[in-house]
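Counting convention: from 1, in listed order, for ligands and their atoms alike.
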Amino acid sequence: MPDIRDNLAAVRARVDAACVAAGRAPDEVELLLATKTQPAARIAEAIAAGARLIGENRVQELAEKDLELTALAGPKLFERHFIGHLQSNKVNQVLRYVSCVQSVDGVELADRLQRRLETLDRTLDVLVQVNTSGEATKSGVAPAGAVTVVTEVAKRDRLRVRGLMTVGLQSPDEAAVRASYRALRELRDRAADVVGAELPVLSMGMSGDLEAAVAEGATMVRIGSAVFGPRPRPA
Ligand SMILES: *Cc1c(COP(=O)(O)O)cnc(C)c1O
């Protein structure tokens, strides 16, 4: 069975090849490991193999794994982002662990974060999550409201809005998947014009479709199963 180090190298090679195919420089695309359901020891293995950016979906799981992960991997070697749906009553807790919340999905959450960050006297990088596929099960702002939400978030002085995130369409139809990623890039371009800031980050693409995302301008792909293997499914 290939180990995490081999899988990580294989994923990096896929990203690099996708960049070359798109006429982009491979260092334009960062790899974030989506580590939901993975025990701290496996995440630490990935960090030992060179991973630097970790994404977690649930605050409770993030908190539960924190001590062990920090002890195994060393606190300075990795950075964590929050990539799941963030309930407003978990805002205080999540800020202890992450340098970026990728899943800001409305002004109300932005306000909660802003108030807490004022108390802590710090700032936070954020991405606005957009539901580009329109599936009811997906979180994120509807595309039609995305530019307005980015504009509002950008007014909160403790939040540094760096760009947009999407989970994209889950479909075997490659053209439709690419269209959902293209939609995110186009929304980013419009929002950047309105806000008058660069919004450089496009977080999109997962194990099954990172090539499509890189072709449409992803600057960060979020990878789980291609590095860790299939996730154990809850019964
Ligand atoms: C799980 C997850 C990923 C990675 O999915 P894989 O298909 O396992 O690569 C990416 N983004 C989010 C938000 C996730 O929850």
key: Asn7/Phe228 under side-chain contact (heavy atoms from CB on, under 4.5 Å): CA gap, chis, key distance, verdict   = CA-CA 8 Å; Asn7 292 345; Phe228 295 108; over 6 Å; no

ask   = Hey, is ligand 1 close enough to Gly224 that some N/O pair sits below 3.5 Å?
value =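 Yes.
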
task = Could you walk me through whether Thr132 and Leu169 pass the side-chain contact (heavy atoms from CB on, under 4.5 Å) test, one step at a time?
result = CA-CA 7 Å; Thr132 52; Leu169 182 68; over 6 Å; no

Note the single closest protein heavy atom to [atom], along with its residue, its atom name and the distance in Å.
atom	value
atom 10 (C) of ligand 1	Met206 SD, 3.2 Å
atom 13 (C) of ligand 1	Ile83 O, 3.6 Å
atom 9 (O) of ligand 1	Ser207 OG, 2.5 Å
atom 1 (C) of ligand 1	Lys36 NZ, 1.3 Å
atom 11 (N) of ligand 1	Arg222 NE, 2.9 Å

query = side-chain contact (heavy atoms from CB on, under 4.5 Å) with Ile43: which of Leu72, Ile4, Leu69?
reply =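 The single option meeting the side-chain contact (heavy atoms from CB on, under 4.5 Å) with Ile43 is Leu69.
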
query = When Gln129 is tested against each of Val104, Leu184, Thr166, Val167 for side-chain contact (heavy atoms from CB on, under 4.5 Å), which residue passes?
reply =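 Among Val104, Leu184, Thr166, Val167, the one that satisfies the side-chain contact (heavy atoms from CB on, under 4.5 Å) with Gln129 is Val167.
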
inquiry  = Salt bridge check, Asp66 against Arg80: does any charged N sit closer than 4.0 Å to a carboxylate O?
reply    =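 Between Asp66 and Arg80 there is a salt bridge, with a charged N closer than 4.0 Å to a carboxylate O.
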
Per-atom contacts, ligand 1 versus Ile223 - under 4.0 Å to a heavy atom =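 Here the atoms of ligand 1 in question are 9 (O).
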
Proximal atoms of ligand 1 relative to Ala34 (non-hydrogen, under 4.0 Å) =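 Numbered from 1, ligand 1 contributes 2 (C), 3 (C), 4 (C).
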
query = Are any of the side-chain heavy atoms of Asp157 and Gln114 separated by less than 4.5 Å?
reply =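 In short, these two side chains touch, coming nearer than 4.5 Å.
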
